[in-house]
There are 2 protein chains.
Amino acid sequence: MVNSGPEITASPSLAGISIAAVERDTGLGKDTLRVWERRYGFPKPLRDACGERVYPAEQVEHLRLVKRLMDQGQRPGTLLRKPLAALSEQLAGSPSGVGADDTADWVIPLLKNRDVDHLRTEFAQRLARDGLERFVIETVPALNRRIGDGWMTGEIEIFEEHLYTELIQNQLRSSIYALASRGRRPHVLLTTVKDEEHLLGLLMVEALLTANGASCLSLGAQTPVADIIGACRGTTTDIVAISFSGAYPWRKARDTLLELRAALPERTELWAGGAALASRRRMVPGVRAIDDLRAITPALADWHATHTSGSHT
Amino acid sequence: MVNSGPEITASPSLAGISIAAVERDTGLGKDTLRVWERRYGFPKPLRDACGERVYPAEQVEHLRLVKRLMDQGQRPGTLLRKPLAALSEQLAGSPSGVGADDTADWVIPLLKNRDVDHLRTEFAQRLARDGLERFVIETVPALNRRIGDGWMTGEIEIFEEHLYTELIQNQLRSSIYALASRGRRPHVLLTTVKDEEHLLGLLMVEALLTANGASCLSLGAQTPVADIIGACRGTTTDIVAISFSGAYPWRKARDTLLELRAALPERTELWAGGAALASRRRMVPGVRAIDDLRAITPALADWHATHTSGSHT
DNA sequence: TAGTTGTTTTTGTCTAGGACAATATGACAT
DNA sequence: ATGTCATATTGTCCTAGACAAAAACAACTA
């Protein structure tokens, strides 16, 4: 058991943190961490008196960098054999890093100062000025990128990222609630297959849909296919929208979509979005690909066009 | 690897599910499941062609029951040696089961029918009728109990519980947002140390506080102590409120509180709540125990009393 | 050229039993 | 009633081997 949260106790944190804490902080599984050590020689944690791994902060940082590059599609075997310096360079030249996206820089000092009230005001004002649609499509993604980069470079701490997520989610939720028009069509069921960190993305989609007059039900993340089908049965769901994270294997995504398409009634549309599908040229028949937030509004317009004439004739 | 999500694919789910899926569904760690099998002979999963564990649905149900009773303070060693029938009896006689709490029965059929609109309306109406305070203190806990029991007995599915949580959280969030009065004192920082499933509880507390004129900042779950301290530095936080889940060891909770008390400025109050502290007779000096939702309003009143006179003299 | 299929390499997760520290329990002293 | 100690329970960590799923690459169609 050792110490399920060494960051709780003050003293041992100087030396390093336990494998469980690394799992929580980096998102890399315990088994994975051990097998990397065996295969690639990194990470190479110290050991405490009882032989248990103790990861110095430096290695945890390195792991974070690796994770970040893996999320961009790089492979562990390649990354773990390179020295730290080479990795930092790679990140600098990476798609997320290129944008001279100074537009979102203002958020950093506010976060560092824990200026919650100011942040809330700033979000609300920008939303009011630009409108929900532009806010979701431009501002929020820019902020997300800026925060992600800041976290990587150590500019901001994990906690500050949490704080940002919390505040921006609240802003979106309240906007959605204010706009929600119960009962209006289409009824959209929103969900994700792969877990975590995409809740914000889902919320962004929900905001766009709601702003365009749809009424949404978000099931959150991790909904099994059987439950999605179950949720539609006996209800008037018009569209099922699923988001696949970038890391989600294409083949599985395709199978999931095929299964869903077969199980859902024909009149229920199926929309698929997320990074996993962005590069795909051909989509599963009967499924609409939403490869960009901008694609949502036209897709909804199409639905309306089809269904106002369709239900009339 | 077998099948990281056997519930996704249709066919193999007939036989059973993988250890990873059981971990996700029951919350019991993989290591724990294996060591129980070794020590107590239960669970005793089948094996697939490659020797990997395959848990039949029946055993997963049994495990859920065990988990439920453990959450009530029972010990694994005792529970795992008893037959299934004995466990079901125990649950029937347990505190959660006793209440002839028919008041919340209405929620079940609505959930079974996926009658989302009706559920939303019902929540909103009851909230308007009883007021936020009574809604949070009476209605929501009754609903939670009813849902928990329904889940245990198989009356409702996991997905329906998710749906309930989603809807009730949305209701609370929008109420909080409507009431939020930025800048009013006291400023309360809300968080949890142990993860998941207590977000709803935290939201309930936030609702009560906001209803009584406090302005809250919820950091969500899993905030490390260092971050809590960091979050207070440089801000005008008047109260830090932490919730400890029932399973959280008392000793650790005490240490955490001691550490926080020492690190926070004296003028910042420290409130601790949650099942882990409910039975404790003595609290850490300088920490206020909130052992019931009802205790929140008087505690806030006390703060106001202290601080209006205190800041004057 | 674009898409499907088959082959090889990479990679994450599983398995086994042993170990041990953190917790709960119960007896005792204050 | 509350604190301290011994004892029992229990979750997590350890090692090292194995193998299926996924990615990358190659070959084959339309």
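What's counted below: heavy atoms across the whole structure, side chains too, no hydrogens, waters or symmetry copies. Below, chains carry the letters A, B, ... as their sequence lines are ordered, and counting in each starts from 1. Just so we're clear, the structure is a prediction, and the values are computed from it rather than from any experiment.
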Query raised in the report: Do the non-hydrogen side-chain atoms of B/Pro43 and B/Leu63 ever get within less than 4.5 Å of each other?
Result: yes
**Report entry** A/Leu28 and A/Val22, any side-chain heavy atoms less than 4.5 Å apart
**Finding:** no
Rounded to whole angstrom units, what separation is found between the [atom1] atom of [X] and the [atom2] atom of [N]?
X       : N      : atom1 : atom2 : answer
A/Leu80 : C/dT10 : CG    : P     : 13 Å
B/Lys44 : C/dT15 : NZ    : P     : 13 Å
B/Trp36 : D/dT10 : CH2   : P     : 9 Å
B/Asp48 : D/dC19 : CG    : C1'   : 11 Å
B/Leu79 : D/dT9  : CG    : P     : 14 Å

Query raised in the report: Which residues satisfy the salt bridge (Lys or Arg N to Asp or Glu O under 4.0 Å) test with A/Glu61, sequence neighbours excluded?
Result: A/Arg64
OP1 or OP2 of [N] under 4.0 Å from side-chain N/O of [X]:
X       : N      : value
A/Thr32 : C/dT13 : yes
A/Lys30 : D/dC13 : yes
A/Tyr40 : C/dT11 : yes

**Report entry** Given D/dG11, C/dT11, C/dT25, the nucleotide with the shortest approach to the side chain of B/Met70
**Finding:** D/dG11
Query - Exam field: side chain A/Thr268 to backbone A/Leu264, donor-acceptor pair closer than 3.5 Å - result: no
Within the sub-3.5 Å range, which N or O atoms of nucleotides 14-17 of chain D have a protein N or O partner, and how far apart are they?
| from | atom 1 | to | atom 2 | distance (Å) |
| --- | --- | --- | --- | --- |
| D/dC14 | OP1 | A/Arg53 | N | 2.8 |
| D/dC14 | OP1 | A/Arg53 | NE | 3.0 |
| D/dC14 | OP2 | A/Arg34 | NH1 | 2.3 |
| D/dC14 | OP2 | A/Arg53 | NE | 3.4 |
| D/dT15 | OP1 | A/Arg47 | NH1 | 3.3 |
| D/dT15 | OP1 | A/Arg47 | NH2 | 3.2 |
| D/dT15 | OP2 | A/Arg53 | NH2 | 2.1 |
| D/dA16 | N7 | A/Arg38 | NH2 | 3.0 |
| D/dG17 | N7 | A/Arg38 | NH1 | 2.8 |
| D/dG17 | O6 | A/Arg38 | NH2 | 3.2 |

Report summary line: Rounded to the nearest 0.5 angstrom, the CE-OG1 distance for B/Met70 and B/Thr78 is 10.5 Å
Query raised in the report: Base, sugar-phosphate, or nothing: which does A/Arg39 touch, judged by heavy atoms less than 4.0 Å apart?
Result: base
Could you list the donor-acceptor pairs under 3.5 angstrom formed by side chains in residues 53-60 of chain A, with sequence neighbours left out?
| from | atom 1 | to | atom 2 | distance (Å) |
| --- | --- | --- | --- | --- |
| A/Arg53 | NH1 | A/Glu37 | OE1 | 2.6 |
| A/Arg53 | NH1 | A/Glu37 | OE2 | 3.2 |
| A/Gln59 | OE1 | A/Lys44 | N | 2.9 |
| A/Gln59 | NE2 | A/Lys44 | O | 2.9 |

